[in-house]
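Note that this is a predicted model, so its numbers are computed, not measured. So that the names make sense, note that chain A is the first sequence line, chain B the second, and so on, each numbered from 1. Reckoned from all heavy atoms, side chains included, excluding hydrogens, waters and symmetry mates.
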Amino acid sequence: MILQKEFYTRQDVVQVAEDLIGKVLCTSIDGIFTCGMITESEAYAGIRDKASHSWNGRRTARTDIMYRIGGTAYVYLCYGIHSLFNVVTSVADDPQAVLIRSIQPLEGIDDMAYRAGKNMKGIREGRGPGNVSKLLGINVSHTGLSLTDAPDDPAKTRIWIEDRKLQINHKRLRTVPRIGVDYAGADAMLPYRFVLE
DNA sequence: CATAGGATCGCCT
DNA sequence: GGCGATCCTATGT
């Protein structure tokens with residue numbers, strides 16, 4: 001079952017981030033289908049969260065996507081190299097999002113290995129937000145895509161998330177501070193990161 | 001216009 | 001643990 005608007009438009013982004021663990025992130029790009037189970041996520045709590053791009057109401061051409069309705073893809077370039085994939089949550093004009101940090105590849109392993117090039121290390125684990133996009137073929141041109149509305153042409157690029165009722169061991173789900181947000185002061189300590197070990 | 005730095009990664013020591 | 005890759009964004013002159 002494909003996750004619909006009701007899942008994404010909830011206003012507690014931390015809860016959505018936790019609920020995304022164990023769900024399956026899927027892409028159909030250039031006719032190639034790949035997917036993986038989400039094993040790590042981070043919540044970015046909008047204008048009140050100093051670690052968020054939308055902190056204090058910041059709004060630019062890039063972050064404008066965060067102000068859209070939940071269920072929209074927000075992809076941006078980090079360090080000039082990596083495309084980082086986020087899921088916009090909550091209602092329009094409440095700019096919250098969840099960063100997908102890691103997946104466990106499920107289908108299309110060969111295509112993922114091809115996308116990763118000769119560097120096969122980490123393919124089985126799909127670790128790191130830059131690698132998630134790399135394996136699934138996601139890039140910054142996909143920012144703004146709807147995760148809930150199917151395109152007119154079935155052959156077109158599509159990104160979505162499925163609930164396959166995969167059973168996860170909640171005893172192995174850790175709630176810890178986020179990574180790489182030291183600049184956010186006290187907000188860097190918030191337990192907004194979820195890791196399935 | 002110039003410049004610094006970032007929600008990273010992989011390779012080096 | 002350190003560093004280079006590489007480019008968009010925000011800020012300052």
Nearest to the side chain of A:Cys78, which nucleotide is it out of C:dC8, B:dT8, B:dC9? B:dT8

Interatomic distance, CZ@A:Arg193 vs CZ@A:Arg174, rounded to 0.5 Å, equals 12.0 Å

Just checking, is any N or O donor in the side chain of A:Thr27 or A:Thr34 under 3.5 Å from an acceptor N or O on the other one? yes

A:His82 NE2 to B:dC9 C1', straight-line distance once rounded to whole Å: 4 Å

Students often get this wrong, so: under 4.0 angstrom with heavy atoms, is A:Arg178 touching a base, only sugar-phosphate, or nothing? nothing

Between A:Arg62 and A:Asp64, is the closest basic N to carboxylate O distance under 4.0 Å? no

Measuring from the side chain of A:Tyr183 (C-beta onward, heavy atoms only), which nucleotide among C:dC7, B:dA7, B:dT8 has the closest atom? B:dA7

For A:Gly137 and A:Ile29, work out which heavy atoms get closest and say how close. O-CD1, 3.2 Å

Atom CZ of A:Arg127 and atom P of B:dT8: how far apart are they, to the nearest Å? 15 Å

Could you work out the separation of C:dG4 and B:dA4 based on their P atoms and round it to a whole Å? 15 Å

Which one, B:dT8, B:dA7, B:dG10, comes nearest to the side chain of A:Tyr79? B:dT8

Which nucleotide, in any strand shown, forms a Watson-Crick or G-U wobble pair with B:dA4, with both distances under 3.5 Å? C:dT9

Please state how far atom CD in A:Glu42 lies from atom C1' in B:dA7, giving the value in whole angstrom units. 6 Å

Between B:dG5 atom C1' and A:His53 atom NE2, what is the distance in whole Å? 12 Å

Base, sugar-phosphate, or nothing: which does A:Leu84 touch, judged by heavy atoms less than 4.0 Å apart? sugar-phosphate

C:dA10 phosphate, OP1 or OP2: any side-chain N/O from A:Arg58 under 4.0 angstrom? yes

Between atom CG in A:Asn139 and atom C1' in C:dT6, what is the gap in whole Å? 16 Å

Would one find a side-chain N or O of A:Thr60 under 4.0 angstrom from OP1 or OP2 of C:dA10? yes

What is the separation between atom CZ on A:Arg193 and atom P on B:dT8, rounded to the nearest whole Å? 10 Å

Less than 4.0 angstrom from a charged side-chain N to a carboxylate O is my criterion; do A:Lys156 and A:Asp30 meet it? no

When the distance from CZ of A:Phe85 to P of B:dT8 is rounded to whole Å, what number comes out? 16 Å

Measure the distance from OH on A:Tyr76 to P on B:dG5 and round it to the nearest whole Å. 18 Å

Nearest-angstrom distance, P atom, B:dC12 to C:dT6: 16 Å

Mind checking A:Ile81 for me? I need base, sugar-phosphate or nothing, with any heavy atom below 4.0 Å counting as a touch. base

For C:dT13 versus B:dG5, give the span between their P atoms, rounded off to a whole number of Å. 15 Å

